[in-house]
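Down below is the structure, laid out as structure tokens.
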Amino acid sequence: MATGHTDPQRRERILDATLDLIAEEGVAGVSHRKIAGRAGVPLGSMTYHFSGIDELLREAFGRFVEHFVAVFDARLSAPAGREEAREAVADLVHVLSEGSRRDLVLTQELYTLAARRPEYRELTHEWMRRSRVHLEKHFDPDTARQLDALIEGLTLHRALAQEPHGRELTLEAISRITETGRREG
């Protein structure tokens, strides 16, 4: 195995391996030994790069949040007006619900951890805040908050349903929430 001096990507591999293991086994199933084995690094690298499992989990989930925020940014930054924003939100729901099962599981694992441990709520709070930035370009803050919750709920329902609802129902739900609270755009 390479030393840290000749292995500059070691820390990133550890974070990636952590997310992979969480997606496969849940937060409760991860350990330094399992992560090191998955990342292909010596066990001592775990404590060299991270002070403990909590720091490792926070950084790994922080990386995941950045990935998810980038997905929101890519889908929601371009709309020029309210109708385009509604379409973009519908696209986002369908892209997320039809996308990576890994991302779906990681999202739920993060929410569960944040529900149990307040120090992880900072990550979910920042994720929600940043996802609403684009929504608030087209809708008032209260509507953006409702729409943000709708995105997550519809995504989860579509991803787990045996017969997911179609785009028309998604657009109808978005329209109902955004009819009264909106900014002209």
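Checking side-chain atoms of R130 against main-chain N and O of D73 turns up no donor-acceptor pair under 3.5 Å. In terms of modelled atom types and a separation under 3.5 Å, the side chain of R75 and the main chain of V89 share no donor-acceptor contact. No donor-acceptor pair under 3.5 Å is formed between the side chain of E55 and the backbone N or O of F50. Between the side chain of R158 and the backbone N or O of P164 there is no donor-acceptor pair closer than 3.5 Å.
To the nearest 0.5 Å, atoms CD (Q9) and CG (D16) are separated by 9.5 Å. Remark: F72 CZ to L96 CG distance equals 6.0 Å, nearest 0.5 Å. Atom-to-atom distance recorded for L15:CG and F61:CZ is 12.0 Å, nearest 0.5 angstrom. Once rounded to the nearest 0.5 Å, the distance linking CZ of R86 with CD of E172 reads 12.0 Å. Rounding to the nearest 0.5 Å gives a distance of 7.0 Å between NZ of K34 and CG of L21.
Taking all atoms of both residues into account, the shortest heavy-atom contact from T18 to L57 is CG2-CD2, 4.1 Å. Counting all heavy atoms, side chain and backbone alike, H138 lies closest to A80 at CE1-C, 4.0 Å. Contact detail for I174 and A90: the closest heavy-atom pair is CD1-N, 3.5 Å. Closest approach of L160 and L104 over heavy atoms only: CD2-CD2, 3.9 Å. Scanning all heavy atoms of the two residues, the minimum distance from L171 to E87 falls at CD1-OE2, 3.8 Å. Here the closest heavy-atom approach between residue A173 and residue L154 is recorded as CB-CD1, 4.2 Å.
Atom NE2 of H67 is surrounded by more than 12 heavy atoms from other residues, nucleotides or ligands within 6.0 Å. For CZ of R145, the number of neighbouring non-hydrogen atoms (other residues, nucleotides, ligands) closer than 6.0 Å is 12 at most. Shown here is E122, whose CD atom has no more than 12 heavy atoms of other residues, nucleotides or ligands within 6.0 Å.
Electrostatic pairing of R38 and E24 counts as a salt bridge here, judged by a charged N lying under 4.0 Å from a carboxylate O. The pair E126-R129 meets the salt-bridge criterion, since a charged nitrogen lies less than 4.0 angstrom from a carboxylate oxygen.
Using a 30° and 60° split on the angle between ring planes, F68 and F64 fall in the tilted class, from 30° to 60°.
Connection of L43 to V30 is established within a shared hydrophobic cluster, with ILVMFWY side chains joined at heavy-atom distances below 4.5 Å, either directly or through further cluster members.
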